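Data first, discussion second: the structure below is written as structure tokens.
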Amino acid sequence: MPKITARLCRAVFLNGMNAMYVKRDDSGSIIKVSKIEDEDCTEFVESRDQGLRDFLDRAGQHDEMTRSDLDFVRVLEDVIHLLMDKGVIRFTDLPDAARDKLIARQSLRSRINHVGLMAEGDDVI
């Protein structure tokens, strides 16, 4: 799924932009959108174009799913820590890749908390 920002979606739908430039694949589906004409996006389409609206809808759904995935990862991390705290599983029971990722996230969270980028309760469900 191509990357598209919420800002671009708002620009098209809320600010009444009259047109965008797009790039299409071989089947005619829009695969890239730009506010300005560039080497990839050369076709001019109006904001009411159904293909453009479909593309922006798909991109918005993709962003929503990504945010949901990130939230879910945090829940899983908390569940893993809870299971370890209760003695249901041991850290060494986890696969190497999972242990490495948990250590990396814990280290990152510690550094972020240390410089005050997260609020006090942000690292707990």
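A quick note: this is a predicted structure, and the numbers were derived from the prediction, not measured.
Val88 is not connected to Leu82 by any chain of hydrophobic side-chain contacts under 4.5 Å among Ile, Leu, Val, Met, Phe, Trp and Tyr, and they are in different clusters. Side-chain heavy atoms closer than 4.5 Å link hydrophobic residues (I, L, V, M, F, W, Y) into clusters, and following such links, even through other members, never connects Leu70 to Val75. Cluster membership check: Phe91 shares its hydrophobic cluster with Ile89, using side-chain heavy-atom separations under 4.5 Å among Ile, Leu, Val, Met, Phe, Trp and Tyr.
Judged as a side-chain contact (heavy atoms from CB on, under 4.5 Å), and not counting sequence neighbours, Glu39 has no contacts. In this structure Asp93 satisfies the salt bridge (charged side-chain N to carboxylate O under 4.0 Å, His left out) test together with Arg90, sequence neighbours excluded. Take Glu43 and apply the side-chain contact (heavy atoms from CB on, under 4.5 Å) test, not counting sequence neighbours, and it matches Val22, Arg24, Val45. With sequence neighbours excluded, the residues satisfying side chain to side chain donor-acceptor pair (under 3.5 Å) with Ser107 are Arg111. Asp38 is linked by a side chain to side chain donor-acceptor pair (under 3.5 Å) to nothing, counting only residues two or more places apart in sequence or in another chain. Every residue two or more places apart in sequence or in another chain that forms a side-chain contact (heavy atoms from CB on, under 4.5 Å) with Ser27 is listed here: Asp25, Ser29. Not counting sequence neighbours, Asp26 has no partner by the side chain to side chain donor-acceptor pair (under 3.5 Å) test. Annotation: side chain to side chain donor-acceptor pair (under 3.5 Å) contacts of Asp40 (sequence neighbours excluded): Lys32.
To the nearest 0.5 Å, the span separating CD1 on Ile30 from CG on Asp54 amounts to 8.0 Å. Here the CE atom belonging to Met20 is positioned 9.0 Å from the CZ atom belonging to Phe55, to the nearest 0.5 angstrom.
The hydrophobic cluster containing Leu76 also includes Phe72, under a criterion of side-chain heavy atoms closer than 4.5 Å among ILVMFWY residues, counted directly or through chains of members.
Under a cut-off of 6.0 angstrom, the local environment of CD in Gln106 is sparse, with at most 12 non-hydrogen atoms contributed by other residues, nucleotides or ligands.
Contact detail for Arg53 and Arg48: the closest heavy-atom pair is NE-CA, 3.6 Å.
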Please table the atom pairs, donor to acceptor, closer than 3.5 Å between any side-chain atom in residues 96-105 and protein atoms at least two apart or in another chain.
| unit_1 | atom_1 | unit_2 | atom_2 | d |
| --- | --- | --- | --- | --- |
| Asp96 | OD1 | Arg99 | NH2 | 2.1 |
| Arg99 | NH1 | Thr92 | O | 3.2 |
| Arg99 | NH1 | Leu94 | O | 2.9 |
| Arg105 | NE | Glu77 | OE1 | 2.8 |
| Arg105 | NH2 | Glu77 | OE1 | 3.1 |

